[in-house]
Amino acid sequence: GAVVSQHPSWVICKSGTSVKIECRSLDFQATTMFWYRQFPKQSLMLMATSNEGSKATYEQGVEKDKFLINHASLTLSTLTVTSAHPEDSSFYICSARISAGGPGEQFFGPGTRLTVL
Amino acid sequence: AQKVTQAQTEISVVEKEDVTLDCVYETRDTTYYLFWYKQPPSGELVFLIRRNSFDEQNEISGRYSWNFQKSTSSFNFTITASQVVDSAVYFCALSEDPNQAGTALIFGKGTTLSVSS
């Protein structure tokens, strides 16, 4: 089956630092990747849609200058949380959509737990 | 507008009881997909089922069964003879226009299921 990995699985950083999270599709090509954020005991909320080779599309209320997304290849998208603050502490999950035709099945990564001190 | 409602925030049952998790959705599209995911304490989403809008057949997989009714816009999930390992948060999700590359999943708020022995 299709596998999506995320790295790191967890990270603790100091306030004001930047953190990069990688999302990789291991055995398929993904034209589109999605980034979700999940606060404790809440649902997953879409942050942005990342298309290979083009700028990401951000959901309303998500600061694009704070959450930098780069989708440089068909197997890798990165999310950089710049100048992180404690309120950015959350569980970040990516998903990748298979590029081939059909109903566009999505596969989720295992998530990255970010704690900002 | 698209929306997924899981009215049950938390459910507690005793092992071997049957339990049904409700999901009601809203969409204007005639073609869409519905999903159920399980999220154990580890946080990784576990895919359970995907159903397209043209297939109203109920499905059974082991102790799991799903009842899709377009007339009531519901896609309910039943666990038969629940087990402690079923304890998790369960999310119902909707994907509109699945042939469009930028279609993310819209998640309900989730239902926390606790199964005690």
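Hydrogens, waters and symmetry mates play no part in the numbers below; they use all other heavy atoms, side chains included. Throughout, protein chains are lettered first and strands after them, A, B, ... in sequence-line order, and every chain is numbered starting at 1.
Salt-bridge annotation for A:Glu22 and A:Arg24: present, with a side-chain N of the basic residue lying under 4.0 Å from a carboxylate O of the acidic one.
Contacts between B:Leu105 and chain A at a heavy-atom distance below 4.5 Å involve backbone atoms as well as side-chain atoms. Within the 4.5 angstrom heavy-atom criterion, only backbone atoms of B:Ser42 (N, CA, C, O) approach chain A. Contact of A:Leu46 with chain B is made through the side chain alone, with heavy-atom distances under 4.5 Å. Within the 4.5 angstrom heavy-atom criterion, no atom of A:Gln6 approaches chain B. Contact annotation for B:Tyr37: only side-chain heavy atoms (C-beta onward) come within less than 4.5 Å of a heavy atom of chain A. Residue A:Phe107 does not touch chain B at all, counting heavy-atom pairs closer than 4.5 Å. Of the atoms belonging to B:Gln39, it is side-chain heavy atoms, and not backbone ones, that fall under 4.5 Å from chain A. Contacts between B:Phe91 and chain A at a heavy-atom distance below 4.5 Å involve the side chain alone, from C-beta outward.
A:Gln29 contributes no side-chain N or O that, together with a main-chain N or O of A:Ser73, makes up a donor-acceptor pair within less than 3.5 Å. Checking side-chain atoms of B:Thr27 against main-chain N and O of B:Asp29 turns up a donor-acceptor pair under 3.5 Å.
Below 30°, between 30° and 60°, or above 60°: for A:Tyr36 and B:Phe107 the angle between ring planes is above 60°, a perpendicular geometry.
Checked by atom type, the side-chain pair A:Thr80/A:Ser18 shows no donor-acceptor distance below 3.5 Å. Checked by atom type, the side-chain pair A:Asn51/A:Thr32 shows a donor-acceptor distance below 3.5 Å.
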